Number of protein chains: 2
Amino acid sequence: MPWRDGTGPPWWHGKFRGCGYRLTASRQAILDVLSKTSKHLSAEDIYLKVHKIYPAIGLTTVYRTLELLVQTGMVFKFDFGDGKARYELSEGPRSIGHHHHLVCTGCGRIVDYTDFIDDEIELLNQTEKGLSKKYNFKITNHLIQFYGLCYRCQNIK
Amino acid sequence: MPWRDGTGPPWWHGKFRGCGYRLTASRQAILDVLSKTSKHLSAEDIYLKVHKIYPAIGLTTVYRTLELLVQTGMVFKFDFGDGKARYELSEGPRSIGHHHHLVCTGCGRIVDYTDFIDDEIELLNQTEKGLSKKYNFKITNHLIQFYGLCYRCQNIK
DNA sequence: TTTATTAATGATAATGATTGTCATTAACAT
DNA sequence: ATGTTAATGACAATCATTATCATTAATAAA
């Protein structure tokens, strides 16, 4: 399956049909928005962006589509503790764009990092294997976040 | 500082005074409940349990106390994707009770695991050190969750 | 191609966890 | 013992997310 190699249709085209879902304009628009950002968008952020391109869309559809995308593993849903969920396109824990987060508990700032990812991934693979066997889980993804204070919040009294 | 060694007052007594907070009956009751469970309680779960011992307490106070406990690092707030936050007493990522979670995306079942923790922790320490330096973050905690399907959900069509 | 089937959609209302308000109470420093 | 002020509880308000339901449109069937 072509994964964003620039040739042919976007990598997600086949994903829907295969599962019996329809590839609609709304869904394409949402995937488009997600694939063109590196930000951590909330459902409403996504709604607003999609709305510019495709004004007919409703917020409900955004929520519904995101749920579907999360279920099929195409999108990962994050919680950074600010009361709304954030969504990122997920090409799986082994993909190139995969990263983890550093979360400032003072101001909510989020830093994506890919440093150290290689070592982490290797260990995580092992852990995954062990956990899968012991608990009979079929593991599909993982979430790693570090919490702390960013340089700014360290210096605020 | 005594950390639940069984002698003297509960380990958290000093935590409050030191920060200028008052150690009230509500707060003690909430900490008591949290320290006596290994479940992943929501704010309402906690409210109901505390209410039995200390019926005067209000739900608002539970939320406020939990927020305080999270801020001071005594409690960790989790999101397992079911719409409500869960709280666990945190003695920090190096403590004995520290564990990570396996989350079933099918039914929401949560498995705590401590297996592999030692290797994980060692790598996480290194990563933490590297990240701290590079991004100038003062890291205080981390969150690790694996997502997948439990044995039951794997066999449901 | 036309038509039938049914998933997908949008508008709107409903839900429910969490937060804000404010008068009252109680910890604890003095 | 008393004053200061943080903490509390009842209640209202907020706001992200979900449910409802009539309508539309993507795909299969003819």
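For clarity, every value in this text was computed on a predicted model and none was experimentally measured. Every chain is numbered from 1, with letters handed out A, B, ... down the list of sequences.
- A salt bridge links B:Lys134 with A:Asp115: at least one charged nitrogen is closer than 4.0 Å to a carboxylate oxygen.
- D:dT8 atom P lies 11 Å from atom CD of B:Gln28, rounded to whole Å.
- Contact annotation for A:Ser26: backbone-only contact, meaning every heavy-atom pair under 4.0 Å involves sugar-phosphate atoms and none involves a base.
- Place A:Ala56 and B:Ala25 on DNA chain C by their nearest nucleotides, and A:Ala56 ends up nearer the 5' end.
- Nucleic acid contact for A:Arg64: base, since at least one base atom lies under 4.0 Å from a heavy atom of the residue.
- Nearest nucleotide to the side chain of A:Thr61, out of D:dA7, D:dT18, C:dG10: C:dG10.
- A single hydrophobic cluster is seen to contain both B:Ile53 and B:Leu34, as judged by linkage of ILVMFWY side chains at heavy-atom distances under 4.5 Å, directly or through other members.
- B:Asp45 and B:Lys49 are not joined by a salt bridge, as no carboxylate oxygen comes within less than 4.0 angstrom of a charged side-chain nitrogen.
- Atom CD in A:Glu67 sits roughly 16 Å away from atom P in C:dA7 (whole-Å rounding).
- Judged by distance alone with a 3.5 Å cut-off, a donor-acceptor contact links the side chain of A:Thr60 to the base of C:dT12.
- In this structure, the CG atom of A:Asp82 is 9 Å from the P atom of D:dT17, given to the nearest Å.
- A:Leu59 places its CG atom 9 Å from the C1' atom of D:dA16, with the value rounded to the nearest Å.
- The NZ atom of B:Lys84 sits 17 Å away from the C1' atom of C:dT19 (whole-angstrom rounding).
- Between B:Arg22 and B:Ala43, the residue anchored nearer the 5' end of DNA chain C, judged by the nucleotide with its closest heavy atom, is B:Ala43.
- In the hydrophobic clustering (ILVMFWY side chains linked at under 4.5 Å, chained through shared members), B:Tyr147 is joined by A:Phe76, A:Phe78, A:Phe80, A:Val103, A:Ile110, A:Leu143, A:Tyr147, B:Phe76, B:Phe78, B:Phe80, B:Val103, B:Ile110, B:Leu143.
- Atom OH in B:Tyr21 sits roughly 12 Å away from atom C1' in D:dA7 (whole-Å rounding).
- What separates CG of A:Leu68 from P of D:dT17 is a distance of 17 Å, to the nearest Å.
- Nearest to the side chain of A:Thr24, among D:dA26, D:dT18, C:dT18, sits D:dA26.
- Using a 30° and 60° split on the angle between ring planes, B:Tyr47 and B:His51 fall in the tilted class, from 30° to 60°.
- The interatomic distance linking B:Glu44 (CD) with C:dG16 (P) rounds to 10 Å, in whole Å.
- Here the nucleotide nearest the side chain of B:Tyr63, chosen from D:dA7, C:dT18, D:dT17, is C:dT18.
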